[in-house]
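Just follow the structure's listing: the first ligand is 1, and inside any ligand the first atom is 1.
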Amino acid sequence: MARVLLGVTGGIAAYKACTLVRLLVRAGYEVYPLVTAGAERFVSAETFFALARQPRGDVPYPHLRRADLLAVAPLTANTLARLAHGLADDVLTEAALAHTGPMLVAPAMNTRMWEHPATRENVAALRARGVVFVGPMEGQLAEGEEGTGRMAEPEDIMSRVDELLIALARPSEALRGKRVLVSAGGTREPLDSVRYVGNRSSGRMGVALAEEARSRGADVTLLAANLAVPAPPGVTVVETPTAGDLEREALARGDADVIVMAAAVADYRPPAPAATKRPKDGAPWTVELTPTNDVLAALGAARGPDQVIVGFAADGAGSGLERAREKRRAKNADLFVFNDVSRSDIGFDAPDNEVVLISDDGEREVAKASKRAIAAAVLDEVERVLSKR
Ligand SMILES: Cc1cc2nc3c(=O)[nH]c(=O)nc-3n(C[C@H](O)[C@H](O)[C@H](O)COP(=O)(O)O)c2cc1C
């Protein structure tokens with residue numbers, strides 16, 4: 001049974017944490033509450049211990065309890081700051097410093113507190129360390145104002161907890177110790193020293209793949225092309241801002257066991273970018289773009305028999321899927337992931353995706369889901385291909 005440390009901090013939403021404890025206990029998790037003095041102004045710690053069916057005070061060092069997950073709901077602006085700065089001045093922050101597994105937080109606070117630059121910096125610091133944020137949501141706040149700051153509903157927090165713990169408990173060992181190379185983001189091809197030709201890829205899909213591969217025990221290298229989201233912890237990050245950088249770094253690691261090329265690599269680039277900024281003079285600026293090298297095709301041509309190579313096809317509906325099938329054959333890839341970038345709710349720069357997985361054995365549609373869930377489906381397919389080698 002997985003153990004969850006549940007931090008509860010001092011906001012009105014502490015009452016909703018009672019429901020969360022019940023949901024966690026009902027799902028079979030062992031829950032150990034860590035209740036701040038601030039939270040006790042709203043709900044007593046006794047309530048949480050009773051709901052968690054834990055005797056209070058039986059643990060001499062509660063902050064050193066090993067757990068599979070540390071969740072904090074609600075998370076106040078105050079404790080968010082304390083966590084970001086590594087303070088250890090109560091049992092919750094002490095536990096957070098001693099905890100080595102995943103951490104999930106559900107912030108709840110007034111919109112102005114949430115939007116304050118200090119809070120933004122603290123959120124960014126925690127995200128960069130891999131902390132998973134659920135919410136906050138938009139809506140009416142306890143004090144009557146409208147805005148972003150409501151704690152996510154306990155059911156939504158619960159399903160994210162499930163997702164994280166299921167990923168941890170996954171029995172498959174097929175990727176453990178394998179060298180996995182993932183590219184993510186979108187390359188930018190300089191026009192001059194300040195301007196570039198780029199694309200809208202945020203890197204979310206590739207980052208989710210790197211994170212998922214890491215959670216399956218792989219030794220992951222992430223080729224990062226201008227990511228709009230932080231790279232996950234525990235992976236080696238190599239910055240590859242241009243198509244040329246990405247090509248060089250990918251080919252240098254072309255013997256990886258699994259290669260997943262999720263980055264949007266420029267197909268064309270300005271052949272001779274100016275070393276300085278072109279001054280504005282009112283005259284038209286004509287740039288002829290030249291094709292870049294096809295990195296995936298080069299990797300496919302040089303592939304080893306045991307490698308698994310995965311390509312992505314960002315295309316529109318209609319004949320896009322047929323083009324993806326053709327690309328898989330032409331580039332000698334095992335698997336192609338087709339996603340429809342003509343839709344605004346999935347694909348480029350969206351948190352969700354919906355894909356078709358194309359392999360030698362046929363095609364599988366994966367319904368719209370978070371990019372992490374899509375990454376899990378892609379890597380399940382990679383594991384299946386590996387198991388046939
Ligand atoms: C009625 C009331 C409601 C509060 N609600 C929140 C809240 O939702 N979010 C928040 O960040 N702080 C809220 N606060 C402020 C925190 O309780 C305060 O910052 C406290 O020091 C938090 O301590 P803790 O983070 O250790 O639990 C509230 C304060 C009061 C008096």
Side-chain angles (χ1 to χ4, degrees), residues 4-24 31-52 54 56-57 59 61-65 67 69-99 103-127 129 131-158 160-161:
V4 177
L5 294 176
L6 178 66
V8 184
T9 68
I12 301 269
Y15 80 91
K16 288 197 199 170
C18 298
T19 308
L20 180 59
V21 177
R22 297 184 67 154
L23 292 172
L24 289 164
V31 181
Y32 193 81
L34 302 169
V35 184
T36 66
E40 287 227 60
R41 289 193 294 166
F42 299 93
V43 184
S44 80
E46 295 305 333
T47 307
F48 292 105
F49 278 94
L51 290 171
Q54 293 277 358
R56 196 172 178 184
V59 189
Y61 296 100
H63 64 292
L64 297 182
R65 268 206 147 178
L69 176 76
L70 170 62
V72 187
L75 174 65
T76 55
N78 178 52
T79 296
L80 200 160
R82 293 189 295 142
L83 293 173
H85 291 274
L87 298 191
D89 55 359
D90 67 5
V91 70
L92 169 53
T93 48
E94 288 161 2
L97 274 192
H99 178 69
M103 181 169 171
L104 172 150
V105 297
M109 66 195 71
N110 175 274
T111 309
R112 283 171 278 142
M113 294 169 87
W114 175 246
E115 286 172 355
H116 192 283
T119 305
R120 305 314 316 144
E121 281 176 24
N122 294 332
V123 169
L126 290 183
R127 283 207 167 113
R129 277 181 230 151
V131 173
V132 175
F133 278 72
V134 188
M137 315 306 288
E138 239 181 271
Q140 190 166 52
L141 309 176
E143 62 275 22
E145 290 183 29
E146 287 277 338
T148 302
R150 276 173 70 86
M151 188 177 91
E153 291 307 319
E155 291 75 12
D156 296 329
I157 301 171
M158 176 68 205
R160 207 61 189 97
V161 167

Study note, to complete from the structure: atom 3 (C) of ligand 1 sits nearest the protein heavy atom Phe42 CZ, 3.5 Å
Check your understanding: Any luck finding a side-chain donor-acceptor pair between Thr93 and Asp90 under 3.5 Å?
Key -> yes
**Study point:** Worked check of salt bridge (Lys or Arg N to Asp or Glu O under 4.0 Å) between Arg120 and Glu115
**Key:** CA-CA 6 Å; Arg120 305 314 316 144; Glu115 286 172 355; over 6 Å; no
Practice item. Could you tell me whether the side chain of Thr9 and the main chain of Pro74 form a donor-acceptor pair under 3.5 Å? Key: yes
Practice item. Count the heavy atoms belonging to other residues, nucleotides or ligands that lie under 6.0 Å from CZ of Arg22, then report whether that count exceeds 12. Key: no
Check your understanding: Hey, is ligand 1 close enough to Thr79 that some N/O pair sits below 3.5 Å?
Key -> yes
Revision key, fill the gap. Contact region, Ala108 to ligand 1, non-hydrogen atoms below 4.0 Å, reads backbone
Review point. Atoms of ligand 1 less than 4.0 Å from Ala77 heavy atoms?
Key: 10 (C), 11 (O)
Practice item. Indicate yes or no: does an N/O atom of Gly11 lie under 3.5 Å from an N/O atom of ligand 1? Key: no
Practice item. Would you mind running through ligand 1 and noting each atom that sits below 4.0 Å from a heavy atom of Gly38? Key: 27 (O)
Study note, to complete from the structure: With heavy atoms and a 4.0 Å threshold, my read on which part of Trp114 contacts ligand 1 is neither
Check your understanding: Should the ring pair Trp114 and Phe133 be called parallel, tilted or perpendicular, given that the plane angle runs from 0 to 90° and is split at 30 and 60?
Key -> tilted
**Study point:** Heavy-atom pair with the smallest gap, counting every atom of Ala73 and Ala17
**Key:** O-CB, 3.3 Å
Exercise for review: Check Thr36 against ligand 1 and report side chain, backbone, both or neither, counting heavy atoms closer than 4.0 Å.
Suggested key: side chain
Practice item. Could you tell me which atoms of ligand 1, counted from 1 in the order shown, lie closer than 4.0 angstrom to a heavy atom of Thr9? Key: 25 (O), 27 (O)
Check your understanding: Are any of the N/O atoms in Asn78 less than 3.5 Å from those in ligand 1?
Key -> yes
Point to revise | Identity and separation of the nearest protein heavy atom to atom 26 (O) of ligand 1 | key: Arg82 NH2, 3.1 Å
**Study point:** Nearest non-hydrogen partners of Ala45 and Glu40, listed with the distance
**Key:** N-OE1, 2.9 Å
Exercise for review: Flag yes if more than 12 heavy atoms outside Arg112 fall under 6.0 Å of its CZ atom; otherwise flag no.
Suggested key: no
Point to revise | Contact (N/O only, under 3.5 Å) between Asp90 and ligand 1 | key: no
Check your understanding: Which pair of non-hydrogen atoms, one from Leu5 and one from Ala67, has the smallest distance, and what is that distance?
Key -> CG-CB, 3.5 Å
**Study point:** Any Met151 heavy atom less than 4.0 Å to ligand 1
**Key:** no
Exercise for review: Compute the shortest N/O to N/O distance between Gly10 and ligand 1 and return yes if it is under 3.5 Å, no if not.
Suggested key: yes
Check your understanding: Which protein heavy atom lies closest to atom 31 (C) of ligand 1, and at what distance to 0.1 Å?
Key -> Arg41 NH1, 4.0 Å
Exercise for review: Answer with yes or no whether the side chains of Thr79 and Arg82 bring together a donor and an acceptor at under 3.5 Å.
Suggested key: yes
